[in-house]
Student: 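Can you keep this structure in mind? I'll have questions shortly.
If you're wondering where the values come from, they're calculated on a predicted model, not measured in any experiment.
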Amino acid sequence: MPRWKTLFSQHLRWSNTVTQALVLSVITFCVILPLCCHRLLYSYYFIKTMYLDSMSEEVLHEGLVRGQDALQFWQSTSATASSRFNDIAQNPELLVIVVSVQRNEGRDFHYLLQVMRQMSGLLESCGSQRCAEVLVCDVESGPQENQDAKILEDYFKVIRRSPLEKRRNRDSVNTFEREKRDYVFCLRKGWELVQPKNIVVLEDDALPKQDFFTVVKHLLSRTFAFQTLYVKLYHPERLQRYWNPEPYRILEWVGLGLVGATALLLSFSYWNPCSFSFTLSVTHLLFFTLYFMAAIELLGRHYLLEVRRFSPQLYAVSPATECCTPAMLFPGNSSLRAAEYLDGSFCAKGNAKDIVLYQMARTIPGERAHSVEPNLINHIGAFSSVRGNPLKPRLL
């Protein structure tokens, strides 16, 4: 037999670690993961052409049903039964401000009513000692009323601009600047009325998770909280991948790969049904580190983060990312500083309020900003109140 055939056959023997690594990689990345992940929305294996449209329609339908249920709930609830939410105490530990505006599209989804129904359930679960005080900040400045905010007036305190302030806010400014002014108004008005120790600002399509108040309370008990301008409580799931320009994620990614590789190689000494020949050598450790890193990324980091929901202590806090402000925690009096920074900037396309805050936290000496993972809210808004909407909103 020619020498090259002899060498080739030797390499193909199962006892050869190269063959084992090749077979393991093919089975994992070409068979197991595609079969398990092809319907996971945030996995690389997700088949958009087959599932995206149907999943988007299903989520839209669920949102519509949830919105109609919330409308019926608030219309049928006795005002006296929930009137205690309308009675705002001074200097609370936490004030939640829900910013709302009348939506021209998607009004049948009643996002604000969904959020406040969930919020009322969370507040009631706190018992006699309130988790937080809640304000609805209605920033609608057009001629039409915010009907959802109107419905909630019997149950929650609703704050609005005066008629004169509304007219001023209708000045010919772009949508992003108007959105920023609305945000600043809510921050300052909430502080002025209640003077809370901490503030959370939610947009009206930010549906809080069941552990929302438990995790926020834990965050506020940690030292970093009072050395930060804000803590982001939400980051879009599609942007949570490791393959993003966030240095801390690279460290987390490599660390998980090393831990997984070490644990697997050590386990072969006790359980090895496939007769693998791998040992705890540098080469094999490097291979399995890359193997686990690739598997985790292709599966989707979002699903790995969900494991952290077992306990508030497991939630990860890291330097803030740039995008999006559906849910923000402002510890101490940092909301006043944030309002001042926003007031000093003019917002436009490409320089919205989230980017302004992010840049301020990065450039002003002594300021920091953080982000918590996994998310503490579900962003249920398929129809934006400040940007153009497609005819058929999609999940991606």
Student: How about Phe46 and Cys37: do any of their side-chain heavy atoms sit closer than 4.5 Å?
Tutor: no
Student: Is there a donor-acceptor pair under 3.5 Å between the side chain of Asn375 and the backbone N or O of His235?
Tutor: yes
Student: What about Tyr155 and Phe85, are their ring centers closer than 6.0 Å?
Tutor: no
Student: What distance do Glu373 atom CD and Glu237 atom CD have between them, rounded to the nearest 0.5 Å?
Tutor: 10.5 Å
Student: Quick check against the 3.5 Å criterion: does Asn378 have a side-chain atom that pairs as donor or acceptor with the backbone of Ala206?
Tutor: no
Student: Is it the case that one hydrophobic cluster holds both Leu305 and Phe212, taking links as side-chain heavy atoms less than 4.5 Å apart, direct or via other members?
Tutor: no
Student: For Val115 and Asp205, what are the C-alpha separation, side-chain angles and deciding distance, and is it a side-chain contact (heavy atoms from CB on, under 4.5 Å)?
Tutor: CA-CA 7 Å; Val115 169; Asp205 55 1; 5.7 Å; no
Student: Would you call the rings of Phe156 and Trp74 parallel, tilted or perpendicular, taking 30° and 60° as the class edges?
Tutor: perpendicular
Student: Taking the six-membered ring for Trp, are Phe292 and Phe288 parallel (under 30°), tilted (30 to 60°) or perpendicular (over 60°)?
Tutor: tilted
Student: I'd like to know if the side chain of Arg368 and the backbone of Thr228 have a donor-acceptor N/O pair within less than 3.5 Å.
Tutor: no
Student: Does Arg161 form a salt bridge (Lys or Arg N to Asp or Glu O under 4.0 Å) with Asp182? I'd like the steps, not just the answer.
Tutor: CA-CA 10 Å; Arg161 289 186 175 93; Asp182 292 340; 2.9 Å; yes
Student: What's the separation between atom CD1 in Ile355 and atom NZ in Lys349, rounded to the nearest 0.5 Å?
Tutor: 11.5 Å
Student: Just say parallel, tilted or perpendicular for the rings of Phe268 and Phe278, cut-offs at 30° and 60°.
Tutor: parallel
Student: Does the side chain of Thr28 pick up a donor-acceptor pair with the side chain of Tyr291 at under 3.5 Å?
Tutor: yes
Student: What's the separation between atom OG in Ser335 and atom CD in Glu340, rounded to the nearest 0.5 Å?
Tutor: 11.5 Å
Student: Indicate yes or no: at least one non-hydrogen side-chain atom of Arg103 is less than 4.5 angstrom from one of Asp204.
Tutor: yes
Student: Hey, any chance Leu251 and Phe224 share a hydrophobic cluster, counting ILVMFWY side chains that come within less than 4.5 Å of each other, even indirectly?
Tutor: no
Student: Backbone N or O of Glu93 within a donor-acceptor pair of the Asn198 side chain at under 3.5 Å?
Tutor: yes
Student: Report yes or no: does Lys232 contribute a side-chain atom to a donor-acceptor pair with the main-chain N or O of Cys323 at less than 3.5 Å?
Tutor: yes
Student: Hey, are the side chains of Pro326 and Ile377 touching, using non-hydrogen atoms and a 4.5 Å cut-off?
Tutor: yes
Student: Using a distance-only test with no angle check, is there a side-chain donor-acceptor pair under 3.5 angstrom linking Arg309 and Tyr315?
Tutor: yes
Student: Can you list the steps and then say if Val216 with Leu94 is a side-chain contact (heavy atoms from CB on, under 4.5 Å)?
Tutor: CA-CA 9 Å; Val216 168; Leu94 180 66; 3.9 Å; yes
Student: Does Arg337 count as lying over the ring of Phe330, i.e. NZ or CZ under 6.0 Å from the six-ring centre, within 45 degrees of the axis?
Tutor: no
Student: Any ion pair linking Lys157 and Asp87 (charged N to carboxylate O, less than 4.0 Å)?
Tutor: no
Student: Give a yes or no answer on whether the side chain of Trp253 reaches the backbone of Met293 with a donor-acceptor pair at less than 3.5 Å.
Tutor: yes
Student: Taking Leu122's backbone N and O only, do any of them form a donor-acceptor pair with Ser125's side chain (distance below 3.5 Å, no angle check)?
Tutor: yes
Student: For Arg249, is there an ion pair with Glu252 - N to carboxylate O distance below 4.0 angstrom?
Tutor: no
Student: Salt bridge or not between Arg188 and Asp343? Use side-chain N to carboxylate O under 4.0 Å.
Tutor: yes
Student: Would you say the rings of Tyr234 and His379 are close, in the sense that their centroids are separated by under 6.0 Å?
Tutor: yes
Student: Output yes when a side-chain donor or acceptor of Tyr51 lies under 3.5 Å from a complementary backbone atom of Leu40, and no otherwise.
Tutor: no
Student: Find the distance between CD (Gln72) and NE2 (His110) and round it off to the nearest 0.5 Å.
Tutor: 9.5 Å
Student: Measure the shortest side-chain to side-chain distance between Ile159 and Val136 over non-hydrogen atoms and say whether it is less than 4.5 angstrom.
Tutor: no
Student: Does a salt bridge link Glu203 with Lys353, judged by any charged N lying under 4.0 Å from a carboxylate O?
Tutor: yes
Student: Do you see a donor-acceptor pair shorter than 3.5 Å between the side chains of Ser100 and Asn146?
Tutor: yes
Student: Measure the spacing between OG of Ser141 and CZ of Arg160 and express it to the nearest 0.5 Å.
Tutor: 12.5 Å
Student: Can you hop from Leu152 to Phe73 via hydrophobic side chains spaced under 4.5 Å?
Tutor: yes
Student: Ignoring hydrogens and geometry, is there a side-chain-to-backbone donor-acceptor pair from Asn174 to Glu177 under 3.5 Å?
Tutor: yes
Student: Please report the interatomic distance CD(Gln118) to CZ(Arg66), rounded to the nearest 0.5 Å.
Tutor: 9.0 Å
Student: Could you tell me if Gln240 and Tyr42 have a donor-acceptor pair between their side chains, going purely by distance under 3.5 Å?
Tutor: no
Student: Contact between Val307 and Leu314 at the side-chain level, heavy atoms closer than 4.5 Å - yes or no?
Tutor: no
Student: Under 6.0 Å between ring centres, would you say that holds for Tyr45 and His38?
Tutor: no
Student: Just so I know, are the side chains of His218 and Gln313 near enough to count as touching, which here means a heavy-atom distance under 4.5 Å?
Tutor: yes
Student: Under a 3.5 Å distance rule, please check whether Gln144 uses its side chain to pair with a backbone N or O of Gln102 as donor and acceptor.
Tutor: no
Student: Linking I/L/V/M/F/W/Y whenever their side-chain heavy atoms sit closer than 4.5 Å, directly or via other members, would Phe287 and Leu266 fall into one cluster?
Tutor: yes
Student: Within the 3.5 Å criterion, strictly below it, is a donor on Glu367 or Tyr341 matched to an acceptor on the partner's side chain?
Tutor: yes
